[in-house]
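Letters go in sequence order (proteins before strands), and every chain restarts at 1. What you are looking at is a predicted structure, and each value in this text was computed from that prediction instead of being measured.
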Protein chains: 2
Amino acid sequence: MPKLDAIDRKIIRSLQEDGKISIGELAEKVGLSPSPCARRVRLMEQAGIIKGYAAIIDQKKVGLPISAFASIKLERQREEDLDRFEDAVSRWPEVLDCYLMTGQRDYLMRVVAADLEAYERFIKDKLTRLDNIASIETSFALGQVKRAELLPIAR
Amino acid sequence: MPKLDAIDRKIIRSLQEDGKISIGELAEKVGLSPSPCARRVRLMEQAGIIKGYAAIIDQKKVGLPISAFASIKLERQREEDLDRFEDAVSRWPEVLDCYLMTGQRDYLMRVVAADLEAYERFIKDKLTRLDNIASIETSFALGQVKRAELLPIAR
DNA sequence: GTTGAAAAAGATCATCA
DNA sequence: TGATGATCTTTTTCAAC
């Protein structure tokens with residue numbers, strides 16, 4: 001894994017703020033000429049540091065105002081039980097974020113939905129269909145205060 | 001606010017999967033010629049449906065392996081108390097996600113950090129400096145199972 | 001909404017320092 | 001690792017249909 005220097009970090013920062021910035025502009029921002037700048041970007045893409053580029057969409061404006069957080073406890077926590085659960089989660093498009101947690105609960109996931117009914121359908125038709133679920137606790141978000149893409153990387 | 005038809009939704013879907021796809025390729029994918037396709041993208045950008053474009057960065061690979069979830073309860077919940085809290089959150093780069101919640105806890109936020117010490121510093125130097133914090137409960141993520149950008153929009 | 005063409009901007013690559 | 005310059009691709013912006 002290549003080490004990141006100050007210029008790499010500047011590049012990452014700029015690309016998180018604007019993924020569509022041109023190489024020329026980016027190069028100018030970080031104090032390089034376009035070629036070496038493009039080379040650094042390519043290397044970071046290949047190394048998986050830059051995983052990809054995405055348009056950021058307003059959830060509400062596309063009819064998905066609900067974010068529900070579900071805390072999930074499994075009955076068994078062997079490696080293969082976790083893998084099976086994680087495979088399922090990866091396939092469900094309603095689950096936007098999912099973390100394996102320390103402490104009481106095993107997983108914390110954020111599920112988006114058009115309304116409460118759609119969320120209930122997700123729980124009933126998908127989540128509870130898995131054997132191995134010990135408990136589910138849901139809290140709903142009243143609003144998104146922040147969802148940032150910009151990681152707090154040292155300058 | 002313009003209504004989204006099936007083609008708009010396809011465009012959104014493609015742009016979430018690859019924010020850097022060219023207009024030509026995108027047009028082909030959604031079954032349009034480039035000009036109207038570019039126009040639809042521009043309109044959705046202006047309407048704020050597409051909020052922007054960002055590079056997706058691997059948190060671990062840039063030295064930020066810790067994700068901590070902090071549940072926060074405020075002492076007072078008047079409009080202005082919430083606003084003040086949300087302003088602070090918006091300014092703190094360590095907080096990547098933050099939601100206003102129903103139920104017992106007022107806010108749920110995800111804080112990223114290089115290590116536990118950095119997280120503690122965030123809590124001590126920033127979060128607890130706010131008056132109006134009644135309680136903080138932290139759980140740590142052992143790993144990120146999923147963080148998707150692709151919203152589950154009806155086809 | 002489509003097509004086609006021309007102008008402008010951007011990406012890429014070989015090469016040299 | 002960075003700079004330069006030639007080349008090739010893509011985007012944008014028109015017009016006309």
Describe the nucleic acid contact of A/Arg40 in one word from base, sugar-phosphate, nothing, applying a heavy-atom distance below 4.0 Å.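 A/Arg40: backbone/sugar contact only, no base atoms under 4.0 Å.
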Could you give the [atom1]-to-[atom2] distance, from [X] to [N], as a whole number of Å?
X	N	atom1	atom2	value
B/Ile7	C/dT2	CD1	C1'	13 Å
A/Lys20	C/dA11	NZ	P	12 Å
A/Tyr53	C/dA11	OH	P	10 Å
A/Glu45	C/dT12	CD	P	9 Å

Check this for me, if you would: do A/Asp87 and A/Arg84 make a salt bridge, where the nitrogen-to-carboxylate-oxygen distance has to be below 4.0 angstrom?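 The answer is no: the pair does not qualify as a salt bridge.
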One thing to verify: whether B/Glu94 and B/Lys126 come together as a salt bridge, which I'm taking to mean a side-chain N less than 4.0 angstrom from a carboxylate O.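 Counted as a salt bridge, because a side-chain N and a carboxylate O are separated by less than 4.0 Å.
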Same cluster or not: are B/Ile56 and A/Ile49 linked, directly or through other Ile, Leu, Val, Met, Phe, Trp or Tyr residues, by side-chain heavy atoms under 4.5 angstrom apart?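 Shared cluster, no.
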Heavy atom of residues 23-39 of chain B under 4.0 Å from DNA chain D: which residues?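 Residues of residues 23-39 of chain B under 4.0 Å from DNA chain D: B/Ile23, B/Gly24.
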Hey, would you say the B/Phe69 and B/Phe140 ring centroids sit under 6.0 Å apart?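 No: the rings miss the under 6.0 Å criterion.
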Do the non-hydrogen side-chain atoms of B/Pro65 and B/Gln59 ever get within less than 4.5 Å of each other?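 With C-beta onward as the side chain, the pair stays apart.
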B/Tyr107 vs B/Phe85, ring pair (Phe, Tyr, Trp, His ring centres under 6.0 Å): CA-CA, chis, key distance, verdict: CA-CA 10 Å; B/Tyr107 288 99; B/Phe85 181 80; 4.4 Å; yes
